[in-house]
Amino acid sequence: MDYLPYSQEYMLAVSIMAGMFLGFIWDIYRLIRHYGKLNAAGTAIGDILYWIISIKLGTRLIMDISYGNVRFFILMGFLAGALLYFYGVSPYILKFFIFIIDSVLKVIKAVINFLIAPVKFLIRKIKMLLYPLKLKYISFRDKTKKRYKFLKFKLKKVSKNRKMVYNKKK
């Protein structure tokens, strides 16, 4: 920690920049929430982490520029910086990052599709080669089901006849 006296203008300017930086971090977190598809618990944890980071950054900045003296204009500088960021720069930065992320995702999908295309082609060819075996399997399965049903029917009939024979003896 240095002991140079800072002017109030310097402290205000630094706190405005810090407010803008916290707004930027919030936008990054918004992008993570959007592309990460966080559930309620993930959002709550992310919010808590953001506030821990912002409080840590804010207190560290106050300790550095005003030696721990919390002054009203420093707090207003944080607020003004955040408002300047969110109403001035944030929409453009979000659009830029969304464009970059969507472009990267499109390239990744194209590369994956390019790498998977030969595998899909081979699978289709193997399916075509194995199709006659599939037809034989299906006919065998259907015949087996019919035989099982017939056997089940015969067993019910036999057991019913047995019950009738036992009832007659009494």
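Excluded from the calculations below are hydrogen atoms, water molecules and symmetry mates; all remaining heavy atoms, backbone and side chain alike, are included. Remember, it's a predicted structure, so these values are computed and weren't measured experimentally.
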Give a yes or no on whether [X] and [Y] share a hydrophobic cluster (residues Ile, Leu, Val, Met, Phe, Trp, Tyr; joining criterion: side-chain heavy atoms under 4.5 Å apart).
| X | Y | result |
| --- | --- | --- |
| Leu75 | Leu79 | no |
| Phe21 | Phe73 | yes |
| Tyr35 | Trp26 | yes |
| Met76 | Leu12 | no |
| Tyr10 | Leu84 | yes |

Item to check | Sub-4.5 Å side-chain heavy-atom contact between Met11 and Val14 | outcome: no
Show which side-chain atoms of residues 47-63 pair as donor or acceptor with protein atoms under 3.5 Å away, not counting sequence neighbours.
residue	atom	partner	partner atom	Å
Asp47	OD1	Tyr29	OH	3.0
Tyr50	OH	Leu22	O	3.1
Ser54	OG	Tyr50	O	3.2
Ser54	OG	Trp51	O	3.1
Thr59	OG1	Ile55	O	2.9
Thr59	OG1	Lys56	O	3.1

Item to check | Atom of Gly23, atom of Phe86 and distance for their closest heavy-atom approach | outcome: CA-CZ, 3.7 Å
Rounded distance [0.5 Å steps], [atom1] in [X] versus [atom2] in [Y]:
| X | Y | atom1 | atom2 | value |
| --- | --- | --- | --- | --- |
| Leu94 | Ile28 | CG | CD1 | 8.5 Å |
| Phe153 | Phe150 | CZ | CZ | 7.5 Å |
| Lys145 | Lys152 | NZ | NZ | 12.5 Å |
| Asp102 | Phe97 | CG | CZ | 13.0 Å |
| Lys143 | Arg147 | NZ | CZ | 7.0 Å |
| Met20 | Leu83 | CE | CG | 11.0 Å |

Checklist entry - Do NZ/NE/NH1/NH2 and the carboxylate oxygens of Asp27 and Arg30 come within less than 4.0 Å? => result yes
Less than 3.5 Å apart, which donor and acceptor atoms pair up between the side chains of residues 105-131 and the rest of the protein, not counting sequence neighbours?
residue	atom	partner	partner atom	Å
Asn113	ND2	Lys109	O	3.3

Next on the checklist: side chain to side chain contact (heavy atoms under 4.5 Å, CB included), that's the test. Do Val89 and Phe24 meet it? Break it down for me.
Outcome noted: CA-CA 9 Å; Val89 184; Phe24 178 74; over 6 Å; no
Next on the checklist: Treating Ser139 as the side-chain partner and Lys136 as the backbone partner, does any N or O pair qualify as donor plus acceptor under 3.5 Å?
Outcome noted: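 Yes.
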